Engineer: 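Pasting in a structure now, in structure tokens, and then I'll have a few things to ask.
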Amino acid sequence: LAAIILGGPMNVSDQDHLPHLKAELEFIRGLLAAEIPILGVCLGAQMLAAAMGAQVGPGPHPEIGYMDVTLTPVGAEDTLLSGFPMALPVFQWHAQGFDLPPRAELLATSEAFPNQAFRSGKAWGFQFHLEVTPAMVRQWAQDSQAELSRAGVSETRLAEQSNAQAQMVSLYGRRVIRRFWDSLAEI
């Protein structure tokens, strides 16, 4: 038994008008209490961090597009990330970030959002996306043109980045999922 918690256009702070987020936080707390392995991605990482007692809120500016995160020494040795380049190209689409949860280890960082990935016990949170394809990026861009405009991100540039980076990001994503799956057999 394990859980992978993905993202969405909402924020952890949207609980008042999206009550399912409160139920999801309680669900995640239950998973943590039962020591069930979790992989949280983007909003999923923010929800995981919040369920563990960390603050989640707006960052200095949105991160949208392909950019590098830097693995920490702990991240370079982590079950899911070992053997990856220290400067790891990833896809970002978020305006909020999280504080490092209590007892969590920082796995990856960036200048704008210093907490990009963490691990605590059997739970991993990745602020970034390794699961995206160029088709997904195009669809998200089409669905979010106003957000892209506010962030000063060109839909054309995003598509160009996606076409250039997709193969490598997909390779990393498959490796992370395979390692997460393999780690379940070890537990």
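Heads up: numbering here begins at 1 and tracks the sequence. Not measured: the values here are computed from a predicted model.
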Engineer: When you measure from the side chain of R179 to the backbone of S82, do you find a donor-acceptor pair of N or O atoms at a distance under 3.5 Å?
Structural biologist: yes
Engineer: Tell me, please, which residues at least two apart from M52 pass side chain to side chain contact (heavy atoms under 4.5 Å, CB included).
Structural biologist: L32, L48, P101, F118, S120
Engineer: Return the set of residues passing salt bridge (Lys or Arg N to Asp or Glu O under 4.0 Å) with E26 (not counting sequence neighbours), or none when no residue passes.
Structural biologist: R29
Engineer: Using the salt bridge (Lys or Arg N to Asp or Glu O under 4.0 Å) criterion, which residues pair with D68? Sequence neighbours excluded.
Structural biologist: none
Engineer: For residues P114 and T109, report the shortest heavy-atom separation together with the two atoms involved.
Structural biologist: O-OG1, 2.6 Å
Engineer: Indicate yes or no for a side-chain donor-acceptor contact from Q161 to the backbone of Y66 under 3.5 Å, with no hydrogens or angles considered.
Structural biologist: yes
Engineer: Do Q92 and V69 touch side chain to side chain, with heavy atoms closer than 4.5 Å?
Structural biologist: yes
Engineer: Can you tell me if CE on M10 sees more than 12 non-hydrogen neighbours from other groups inside 6.0 Å?
Structural biologist: yes
Engineer: So, for G53 and P102, which heavy atoms are closest and what is the spacing to 0.1 Å?
Structural biologist: C-CD, 4.4 Å
Engineer: Search all heavy atoms of G75 against all heavy atoms of L81 and return the closest pair with its distance.
Structural biologist: O-CB, 3.4 Å
Engineer: Please evaluate residues M47 and V12 with respect to the criterion side-chain contact (heavy atoms from CB on, under 4.5 Å), reporting the C-alpha separation (whole Å), side-chain torsions for both, the decisive distance (0.1 Å), and the verdict.
Structural biologist: CA-CA 6 Å; M47 295 288 287; V12 173; 3.6 Å; yes
Engineer: Measuring only between side-chain heavy atoms, which start at C-beta, is E105 closer than 4.5 Å to E77?
Structural biologist: no
Engineer: Kindly give the heavy-atom pair with the smallest separation between A49 and D99, and that separation in Å.
Structural biologist: CB-O, 4.3 Å
Engineer: Provide the full list of ring-ring contact (aromatic ring centres under 6.0 Å, His included) pairs with a residue in residues 149-173, sequence neighbours left out, each pair given once.
Structural biologist: F84-Y172
Engineer: Do W181 and L31 belong to the same hydrophobic cluster, where Ile, Leu, Val, Met, Phe, Trp and Tyr are linked whenever their side-chain heavy atoms lie under 4.5 Å apart, directly or via other members?
Structural biologist: no
Engineer: If a pair satisfies side-chain hydrogen bond (donor to acceptor under 3.5 Å, both in side chains) and one of its residues is in residues 131-146, list it, with sequence neighbours excluded.
Structural biologist: H129-E131, Q139-D143, Q145-E155
Engineer: For L25 versus A51, what's the shortest heavy-atom pair and its separation?
Structural biologist: CD2-N, 3.8 Å
Engineer: Can you confirm whether F180 sits close enough to P37 that some side-chain heavy atom of one is under 4.5 Å from a side-chain heavy atom of the other?
Structural biologist: yes
Engineer: Are the side chain of T72 and the backbone of L106 linked by a donor-acceptor contact shorter than 3.5 Å?
Structural biologist: yes
Engineer: Taking V74 as the starting point, is it possible to reach L80 by hopping between hydrophobic residues whose side chains are less than 4.5 Å apart?
Structural biologist: yes
Engineer: Taking P89's backbone N and O only, do any of them form a donor-acceptor pair with Q165's side chain (distance below 3.5 Å, no angle check)?
Structural biologist: no
Engineer: Quick one: CD1 on I177 to CG on L130, what's the gap to the nearest 0.5 Å?
Structural biologist: 8.5 Å
Engineer: So, R174 and S170: side-chain donor and acceptor under 3.5 Å apart, yes or no?
Structural biologist: yes
Engineer: For residues P9 and E147, determine if any side-chain heavy atom of one lies less than 4.5 Å from a side-chain heavy atom of the other.
Structural biologist: no
Engineer: Should W124 and V176 count as side-chain neighbours, where that means a heavy-atom distance under 4.5 Å?
Structural biologist: no
Engineer: Can you pull the ring-ring contact (aromatic ring centres under 6.0 Å, His included) pairs that have at least one residue in residues 2-25, sequence neighbours excluded?
Structural biologist: none
Engineer: Return yes if some donor-acceptor pair links the side-chain N/O of R150 with the main-chain N/O of G152 below 3.5 Å, else return no.
Structural biologist: no
Engineer: Are L1 and I4 connected, step by step, through hydrophobic side chains (Ile, Leu, Val, Met, Phe, Trp, Tyr) whose heavy atoms are closer than 4.5 Å?
Structural biologist: no
Engineer: Is there a path of hydrophobic side-chain contacts, each under 4.5 Å between heavy atoms of I, L, V, M, F, W or Y residues, that connects L18 with L43?
Structural biologist: yes
Engineer: Donor-acceptor check, side chain of D14 to backbone of N11, threshold 3.5 angstrom: yes or no?
Structural biologist: yes
Engineer: Fit a plane to each ring of W93 and F91, take the angle between them on a 0 to 90° scale, and name the class: parallel (under 30°), tilted (30 to 60°) or perpendicular (over 60°).
Structural biologist: tilted
Engineer: State, with a plain yes or no, whether a side-chain heavy atom of V169 is found less than 4.5 Å away from one of V90.
Structural biologist: no
Engineer: Under a single-linkage definition using a 4.5 Å side-chain heavy-atom cutoff for Ile, Leu, Val, Met, Phe, Trp and Tyr, are L171 and M67 assigned to the same hydrophobic cluster?
Structural biologist: no
Engineer: Within the 4.5 Å heavy-atom criterion, are D78 and L71 side-chain neighbours or not?
Structural biologist: no
Engineer: In Å, rounded to the nearest 0.5 Å, how long is the span from SG of C42 to CZ of F126?
Structural biologist: 13.0 Å
Engineer: Could you tell me whether the side chain of F27 reaches within less than 4.5 Å of the side chain of I5, counting heavy atoms only?
Structural biologist: no
Engineer: As an exercise, state the distance from CG of L100 to CG of N115, rounded to the nearest 0.5 Å.
Structural biologist: 5.0 Å
Engineer: Mind checking the OG1-CG spacing from T70 to L107? Nearest 0.5 Å is all I need.
Structural biologist: 13.0 Å
Engineer: If you look at every heavy atom in L158 and G65, which pair is closest and at what distance?
Structural biologist: CD1-CA, 3.5 Å
Engineer: Working to the nearest 0.5 Å, report the span between CD of Q127 and CD of Q96.
Structural biologist: 9.0 Å
Engineer: Give, for atom CG of D16 and atom CG of L21, the distance between the pair rounded to the nearest 0.5 Å.
Structural biologist: 10.0 Å
